[in-house]
Structures are given as structure tokens and as C-alpha cells.
There are 2 protein chains.
Amino acid sequence: MPHQKLIERLLAVSRLSNGEQKALVGLPYAVRNLADGDIVVHQGDRASCCTVLMTGFLSRQRVISDRNQISAFYVPGDIPDLHGLHVPTMDHDLCSTGPSTIATVSHVVLRQVLEDFPALGYALWGETVIQAAIYRNWVENLGARAALPRVAHLLCELATRLQQVGLATGGRMNLPFTQADFADACGLSTVHVNRTIQELRRRRLIDWQSQTLELLERAELESIAEFNPDYVLGRSKLAPDQSPLRLG
Amino acid sequence: MPHQKLIERLLAVSRLSNGEQKALVGLPYAVRNLADGDIVVHQGDRASCCTVLMTGFLSRQRVISDRNQISAFYVPGDIPDLHGLHVPTMDHDLCSTGPSTIATVSHVVLRQVLEDFPALGYALWGETVIQAAIYRNWVENLGARAALPRVAHLLCELATRLQQVGLATGGRMNLPFTQADFADACGLSTVHVNRTIQELRRRRLIDWQSQTLELLERAELESIAEFNPDYVLGRSKLAPDQSPLRLG
DNA sequence: CGCAGGATTGAGCCCCATCAAACCCAGTGG
DNA sequence: CCACTGGGTTTGATGGGGCTCAATCCTGCG
């Protein structure tokens with residue numbers, strides 16, 4: 001696994017021995033550069049390798065009743081098609097938003113390493129668990145929140161995830177998303193996303209121009225969005241200080 | 001793991017040796033009976049065991065901006081809190097809808113077995129992968145579909161999942177859900193869910209009365225909902241006949 | 001028989017979608 | 001240097017799908 005941030009994140013949730021870490025780091029991979037709009041994996045493709053996002057952003061999308069619905073955003077360190085190990089057919093497009101670079105790791109090789117080091121499989125399972133928690137939060141976001149808190153929640157989630165991999169400091173980050181991307185993710189029209197963002201600006205909660213987003217009042221934004229970062233970080237609310245789990 | 005259907009489902013996705021199967025079946029567990037509305041796990045609880053649903057239905061829910069949002073339904077054979085192995089704090093209520101029975105398996109014991117039989121961990125990881133796919137489909141459902149196809153999609157999903165564990169034959173199944181439950185899951189008001197269901201009845205697509213649901217025109221219903229069962233079954237569209245995966 | 005929870009119906013309204021046009025700005029090429 | 005272009009953003013006007021409120025009906029049950 002090529003990405004240092006991924007390693008760190010795995011260590012934050014699962015404890016790994018030196019040998020296990022080395023096995024991860026030593027995995028052979030191929031690097032690919034992508035331009036804005038490039039499609040990494042097409043809906044219907046059979047995956048024979050996993051993708052690790054190194055820089056930039058990917059989004060998972062698919063046309064649902066004439067709408068392009070985005071069901072996930074990925075930030076550096078994420079493995080968007082980790083589930084491909086289990087269910088090899090992709091049922092979405094995986095698309096680069098802005099330029100990005102990815103590394104691909106062969107399923108065959110990865111499976112071999114997982115067999116040799118079962119704790120690594122357990123750690124990657126934990127990644128799937130966190131991705132699932134993020135999906136759940138999107139379900140709640142789309143199902144229950146009005147436009148303003150909905151957009152705010154997505155902003156908070158992205159900020160937290162970017163912060164986790166060192167790509168957001170002081171609430172500032174580089175975001176190549178268009179308002180249309182946000183609309184596709186939030187189940188809103190671009191027009192309404194635009195008005196919602198204007199409202200967030202008017203309240204001086206965010207500053208977003210030329211691909212740079214700054215969260216000005218993090219606390220208030222999180223309050224409006226009812227956002228709690230724990231699910232992103234795989235943390236337990238009641239025991240933030242507990243040591244990482246380890247199989248066995 | 002007490003539930004035969006769970007075992008079968010695990011076998012459908014991952015190949016397990018006799019020893020592995022025996023280890024699963026031999027896991028010690030405690031049975032609990034639940035009444036309608038009973039809460040199995042409260043939001044904020046720290047889990048020390050996993051829950052296997054044996055009969056009945058559970059729903060995962062949580063109040064989001066004054067709405068009770070349901071983010072998942074569980075059918076017999078499901079393990080609603082499998083993620084608790086990795087992130088022990090539950091951030092939702094797990095609630096019985098209608099009467100149900102569950103079995104609980106201690107995390108400590110389960111972890112030991114997973115250490116002894118890594119392939120079992122891989123198989124359970126596959127369960128998490130499928131759950132995640134279901135969440136993704138909910139995201140799409142809530143984000144992109146109008147009321148009618150949205151409700152239809154949920155009906156198709158439940159039918160497919162129940163069919164898989166032998167609880168729906170010929171499109172007929174027992175469903176203890178109220179229209180309000182459906183409203184909470186679909187992000188709609190009860191009033192509108194009611195009108196939507198009436199429309200489905202008027203079109204002779206479903207028959208739903210006194211807790212019994214029958215899908216009358218499965219094909220047309222799936223077409224309206226743009227429903228494809230593969231994600232529920234962990235199947236690959238392009239190779240439905242391929243043999244199950246196995247680690248290594 | 002009376003009650004309570006669920007299903008149903010009606011009326012009014014609002015949030016957000018849709019349509020359409022204008023605006024801004026960074027390239028790009030003449 | 002500037003006209004041209006195209007993608008993204010912004011604004012206005014209009015309409016509809018679904019929400020809210022409130023009343024009624026239905027049905028199983030003590």
C-alpha cells in the first residue's frame with residue numbers, strides 16, 4: 001500500500017506489528033495520473049486490483065432516474081474499491097474530480113499478503129466498517145435534513161476527512177468540486193445548492209472561492225449540521241483514549 | 001453463530017472448510033426475545049457482543065433534526081452490530097419492529113475464533129461489504145428517486161432479502177412495519193407514504209394488508225424502482241455462475 | 001362497548017425543482 | 001490586445017411534489 005496516510009489511519013484503528021507494516025508497505029503497485037473527469041473504473045467493470053487514492057479526489061456516481069447521483073467522495077488514503085476483493089463487479093463509475101493520482105494493487109498479490117498476515121485483513125475490514133458508517137450518515141443526511149444543514153454536514157465531513165490526512169489546516173482546504181458536484185451528492189438542484197452556499201456565506205460560516213474552502217465558524221457549522229466527527233475517525237465517543245483494537 | 005441462514009449466506013459468498021463451519025456453529029450464544037418497540041442497543045452503548053437476528057425484524061434509527069430517521073432494516077441472519085467489533089460504540093438505537101428473537105455472541109469469544117480461523121474473518125468482512133452496498137443503495141434511493149419509485153425500491157429490497165433467507169415465497173411475506181416506519185426509512189411523511197402505497201395498490205403492483213405484503217408484478221415493480229437484486233446478494237452481474245471467492 | 005394505534009382523507013402551503021437568461025472569468029486563438 | 005468561447009456561478013420567475021395540520025375512519029383488543 002503506497003500511501004503513508006493510509007498506513008497511519010490503519011494504525012489508528014488496528015495495531016499492526018512491524019512485519020505486518022512492512023508487508024503493507026512492500027506491496028507492489030502501479031501509479032496512474034488522472035485528469036478532471038477521467039473515469040477510473042466504469043460501472044460494470046470487473047476489478048482485478050484495488051485502487052488507493054494518493055492525491056486529489058474521486059467520486060462514486062451512477063445515473064438514477066435521470067439524475068447523476070454521487071454516493072461517495074474519496075480523499076487521499078481511501079481505497080474506493082476495496083469491496084472489489086469480495087464483489088468484483090463495480091456497480092458505479094469511479095470518477096476523478098480535479099486532477100488526481102492513484103495507485104493500483106493487484107487482488108492476487110493483496111490476497112496473498114492477507115493470507116500471510118491475517119491482522120492486515122482485519123485492519124482493512126475496519127476500513128470497510130468506516131466507509132459503511134459514512135454511507136449511513138449520508139442516508140441520514142439525505143433522508144432527514146433540509147438543504148442548509150445538509151450541505152453544511154457534507155462540508156464538515158469533508159473537512160474532517162481531509163484534516164485526518166493532513167490536507168486541511170485551520171479549516172482551510174483545497175476543493176476542486178463544482179456546485180453541481182455538491183448538488184449531485186446532496187440530492188439537490190445546482191440552483192438550490194448555489195443559494196444555500198450563498199446563505200452560508202452570508203452568515204459568515206464559510207468562505208469558498210476559486211477551489212478554496214475555509215470553514216470560518218466550525219463549531220456553529222457543526223451545530224447547524226448536527227455533525228459529530230467520531231464516525232469518520234472510527235472513534236468511540238465514550239472512550240476516546242482507549243488503545244486501538246487488535247485481533248486476538 | 002446460531003442462525004442457519006447466516007451460515008448459508010456466508011457460504012454463498014466465501015467458501016468455508018468443515019472446520020471453519022464447525023467453529024462458527026459451535027460459538028456459544030445467548031438467546032433473547034424482544035417485543036415490538038423493544039430497544040436492543042441504545043445509542044451510546046458500548047457493545048461487548050455481536051447480535052445475530054434469528055426471527056423478526058430490527059431497525060437502526062436515530063433522531064436527526066426532529067425526525068426519526070431509520071438508516072437500516074435487518075432481517076433474520078443479519079448481524080446488525082457486526083461493526084461493533086471494530087468500533088464498539090453504537091451511534092444508533094437498534095429497535096425491534098414487531099416481536100423478534102436475537103442471539104448474542106461475545107466479542108471476546110468471537111475474536112478468538114477469528115484468530116484461529118482467519119477465513120471466517122474474511123467471510124464476515126464480506127457481510128460488512130454487502131451491508132455497505134445496501135447503504136449505498138439507500139443513499140441513491142433517498143437522493144435521486146421520487147416517492148413512488150423510492151417506496152417501490154425499498155419493497156423490492158426487503159422482498160429480495162427475505163427471499164434469500166426463505167421468508168418470502170411467491171412474492172408473499174410477513175411484514176410488521178407500519179406506514180410510519182416506511183416513512184422514517186424513506187425520508188417521507190406518513191401521509192405521503194400512505195398515498196404512495198395506495199397508488200401502488202391502485203396499479204395492482206402490491207397487495208399489503210394486515211402485515212402481509214405481496215408483490216403482484218415483480219418485474220414491473222423492479223422496473224419502476226430501477227431495482228437490481230445483485231447488490232443484496234453479493235453477486236457479480238457479469239459472472240453469476242462464478243464460484244465463491246476464497247481468501248488465498 | 002370503548003379505546004388506542006394505525007390508516008385514510010382533505011385543504012393549504014412551502015421548500016425546492018425547473019426553466020431561462022445573464023454574468024463572470026479563464027483560456028485560446030486571431 | 002481583444003473578441004470569442006465555454007464552464008461555472010448567479011439571479012429571477014413560476015410551478016409542483018411532498019409537508020403540515022387536522023379530522024375521520026377502521027380495526028383489533030381489553
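Computed from a prediction, not measured in an experiment: that's the story for all the values here. Computation of the quantities below employed the complete heavy-atom set of this structure, encompassing side-chain atoms and omitting hydrogens, waters and symmetry-equivalent molecules. Residue numbering restarts at 1 for every chain, and letters A, B, ... go by the order of the sequence lines.
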Is [X] near enough to [N] that one of its side-chain N or O atoms lies under 4.0 angstrom from OP1 or OP2?
| X | N | result |
| --- | --- | --- |
| B:R201 | C:dT8 | yes |
| A:R202 | D:dT10 | no |
| B:N194 | C:dT8 | yes |
| B:Q211 | C:dG6 | no |
| A:Q179 | D:dT10 | yes |

Original post:
Are B:L148 and B:R195 side-chain neighbours, meaning at least one heavy-atom pair lies under 4.5 Å?
Top reply: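 The answer is no; the side chains never approach within 4.5 Å.
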Send over the distance from [X] [atom1] to [N] [atom2], rounded to a whole Å.
| X | N | atom1 | atom2 | result |
| --- | --- | --- | --- | --- |
| A:F177 | D:dT9 | CZ | P | 13 Å |
| B:L148 | D:dG16 | CG | P | 19 Å |
| B:D36 | C:dG6 | CG | P | 8 Å |
| A:L188 | C:dT18 | CG | C1' | 14 Å |
| B:Q198 | D:dC25 | CD | P | 16 Å |
| B:E199 | D:dG17 | CD | P | 12 Å |
| B:H192 | D:dA22 | NE2 | P | 21 Å |
| A:R195 | C:dC14 | CZ | C1' | 14 Å |

**OP:** When you get a sec, tell me which of C:dC19, C:dA7, D:dG8 is the closest nucleotide to the side chain of B:T178?
**Re:** C:dA7
Distance only, no hydrogens: is a donor on one side chain within 3.5 Å (strictly under) of an acceptor on the other, for [X] and [Y]?
| X | Y | result |
| --- | --- | --- |
| A:Q43 | A:D93 | no |
| B:D81 | B:T51 | yes |
| B:H92 | A:E140 | yes |

**OP:** Report the relative orientation of the aromatic rings in B:F177 and B:F73; use parallel for angles under 30°, tilted for 30 to 60°, perpendicular for over 60°.
**Re:**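 Correct class here is tilted.
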**OP:** Quick one: label B:G37 by what it contacts on the DNA or RNA (base, sugar-phosphate, nothing), any heavy atom closer than 4.0 Å.
**Re:**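 The answer is nothing, as B:G37 stays clear of every strand by at least 4.0 Å.
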Original post:
What nucleic acid atoms does B:S189 come within less than 4.0 Å of, heavy atoms only: base, sugar-phosphate, or nothing?
Top reply: base
